[in-house]
Amino acid sequence: MVTMNIDEKIQKIEEGTLEVIDTAELKDVLEKDQPIAYTGYEPSGKIHLGHAVTVQKLKTLQNLGFKIKILLADYHAYLNGKGELDEIRKTAEYNMKCFKALGLDETTDFILGSSFQLEPSYSDKVYKLATLTTLKRARRSMDQVSRHDDNPKVASVIYPIMQTVDMDALDVDIALGGMEQRKIQMLARENLEKLGANVPVCIHTPLLHGLDGDAKMSSSKGNFIAIDDSVEEITKKINKSYCPQGEIEDNPMIEIAETFVYPNQEKLLIKRPEKFGGDIELTHEELLNDFANGELHPMDLKNGIKDFLIEYLAPVREYMEE
RNA sequence: CCCGCCUUAGCUCAAUUUGGCAGAGCGUUGGACUGUAGAUCCAAAUGUUGCUGGUUCAAGUCCGGCAGGCGGGACCA
């Protein structure tokens, strides 16, 4: 573990996030011996690059001395209409392997939601929050999280309340999630206060655009690269991806570069045929400039990203094959 | 518990008053055009018409039963 002072740690934690609520509280957390950071995931048939954004941040926290708890939120997935519990639990097993493959070490706790969410003391808090939370507020918090349903279920308002009690039950100092979690997390901060429980620092990471240019990469839309996709699948998906020439805003290829390439290495190698200028290595800044002014062709960018991802995800594929 | 309405392709919906080969748009897939994708153009695929029984030469369509959903009523001695 690298020695850093608190400000350096804060900078490292905030890097690549959209917000930390709030930084002053984070400072207090960093004074603790072994603070706890957690992220909850609904078990999903495929773990993709969007999940990897938060996992990458959890790894950073782990390196900074945090205890990492990953909630395999089986009941949450169930409440969100993802299927029957026994199926969801099988998926959770698979997901745990995926998270380990992404490089979280053996000190990481993987906790199945149902292993503690049926405790009387847990239920008691859920009921208490149910009396303190308005229907509108609970539903609004689920806007970006609920699976679309023409006939919304009561389950959808129990969901954010449980997520709140999870933070208390798991004794977390940091709650990390994608930006779609924001409203639930803010509700949780208010509600934990009301329970007299510890209020965690909330950290939100940006959402990756889908490969089709859609605002969100998601399992249900099929516009993702899974962390255990084969070389052929990665190649095919990158080739099919949305990538407008010269456009660096909302461009999924640029986003992948900024999210996974440059936090991990200085330059990106792009192989090009001689007639298009030959191979080049670009820094973050050079890549943005060259792409924006048209010197870097989308197909070349794609090839660079594709080669990077194939290599970046190689350890994951190997781990998953065992 | 009672009454009414709804259920057709992955999605949104058509299918004439009066039963006659189940369709369109979007999406998907393939091709054309671009040194990528998208856009555009061309082409293709996809159905247990919620389930079930019946009437009929013939049922998405008419009749019965069931399920799910929506709305209302009743109950509130």
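Note on naming: letters A, B, ... go to the chains in the order of the sequence lines (proteins, then strands), and numbering restarts at 1 for each one. The structure displayed is predicted, hence computed values, not measured ones. All values below come from the heavy atoms of this structure, side chains included, with hydrogens, waters and symmetry mates left out.
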Expressed in angstrom and rounded to an integer, what is the separation of A:E247 atom CD from B:A37 atom P?
-> 18 Å
Under a 4.0 Å heavy-atom cutoff, the residues of residues 212-243 of chain A touching RNA chain B are A:N239, A:K240, A:S241, A:Y242, A:C243
What integer number of Å spans the P atoms of B:C3 and B:G65?
-> 10 Å
Check the side chains of A:Q181 and A:Q144 for a donor-acceptor pair under 3.5 angstrom, ignoring hydrogens and angles.
-> no
Now, which nucleotide makes the Watson-Crick or G-U wobble pair with B:A15, with each of the two distances under 3.5 Å?
-> none
Return yes if the base of B:G35 and the side-chain atoms of A:D300 contain a donor-acceptor N/O pair under 3.5 Å, otherwise no.
-> yes
Would you say A:N151 reaches B:G68's phosphate, i.e. side-chain N/O to OP1/OP2 under 4.0 Å?
-> no
If you check the A:P244 side chain, which of B:G35, B:A37, B:C70 turns out closest?
-> B:A37
Taking only residues two or more places apart in sequence or in another chain, which ones pass ring pair (Phe, Tyr, Trp, His ring centres under 6.0 Å) with A:Y159?
-> A:H76
Nearest-angstrom distance, P atom, B:G71 to B:U29 | 37 Å
Among residues 268-278 of chain A, which residues get a heavy atom nearer than 4.0 Å to RNA chain B?
-> A:F276
Determine which nucleotide pairs with B:C26, using a 3.5 Å limit on both distances of a Watson-Crick or G-U wobble pair.
-> B:G10
Would A:E106 and A:K100 pass as an ion pair if we require N to O under 4.0 Å?
-> no
Say you pick atom P in B:U8 and the same atom in B:G69; how far apart are they, in whole Å?
-> 15 Å
Could you give me the CA-CA distance, side-chain angles and deciding distance for A:T283 and A:E266, then say whether side chain to side chain donor-acceptor pair (under 3.5 Å) is met?
-> CA-CA 6 Å; A:T283 63; A:E266 193 65 25; over 6 Å; no
Those residues at least two apart in sequence (or on a different chain) that pass salt bridge (Lys or Arg N to Asp or Glu O under 4.0 Å) with A:D7 are A:K27
Is A:K90 salt-bridged to A:E87, going by a charged N under 4.0 Å from an acidic O?
-> yes
Show me the side-chain donor-acceptor pairs of residues 166-178 of chain A shorter than 3.5 Å, one per line, residues at least two apart or across chains.
from   : atom 1 : to     : atom 2 : distance (Å)
A:D166 : OD1    : A:Q117 : NE2    : 3.0
A:D166 : OD1    : A:Y122 : OH     : 2.7
A:D166 : OD2    : A:Q117 : NE2    : 3.4
A:D168 : OD2    : A:K125 : NZ     : 3.0
A:D173 : OD1    : A:K32  : NZ     : 2.6
A:D173 : OD2    : A:I36  : N      : 2.8

Check: A:S219/A:S44 side-chain N/O donor and acceptor closer than 3.5 Å = yes
Output yes when A:E180 and A:K216 qualify as a salt bridge under the 4.0 Å nitrogen-oxygen rule, no when they do not.
-> no
In Watson-Crick or G-U wobble terms, with both distances under 3.5 Å, the base opposite B:G73 is B:C1
Between B:C6 and B:C42 - C1' atom distance, rounded Å | 39 Å
Atom pair distance, as rounded to whole Å: NZ in A:K306 and P in B:U36 = 15 Å
P spacing across the pair B:A9 / B:A22, given as an integer number of angstrom | 15 Å
Set of ring pair (Phe, Tyr, Trp, His ring centres under 6.0 Å) partners for A:F308, sequence neighbours left out | A:Y312
Rounded to the Å, how far apart are A:K302 NZ and B:G35 P?
-> 15 Å
Can you tell me how far P in B:A44 sits from the matching atom in B:C26, rounded to whole Å?
-> 15 Å
Could you tell me the separation between the CZ atom of A:F291 and the P atom of B:U36, rounded to a whole number of Å?
-> 12 Å
Nucleotide B:G35, atom P - distance to CD of A:E295 in whole Å = 19 Å
Rounded distance in Å between the P positions of B:U46 and B:U7 = 25 Å
Considering only atom P, compute the distance from B:C41 to B:G27 and round it to an integer number of Å.
-> 11 Å
How about A:S114 and A:R89: does a side-chain donor come under 3.5 Å of a side-chain acceptor?
-> yes
Should B:A37 form a Watson-Crick or G-U wobble pair with both distances under 3.5 Å, which nucleotide is its partner?
-> none
Separation of A:H148 atom NE2 from B:U12 atom C1', in whole Å?
-> 11 Å
Nearest-Å distance, CD1 (A:I254) to C1' (B:U36)?
-> 13 Å
Take the protein atom CD of A:Q245 and the nucleotide atom P of B:G35, then report the distance between them rounded to whole Å.
-> 10 Å
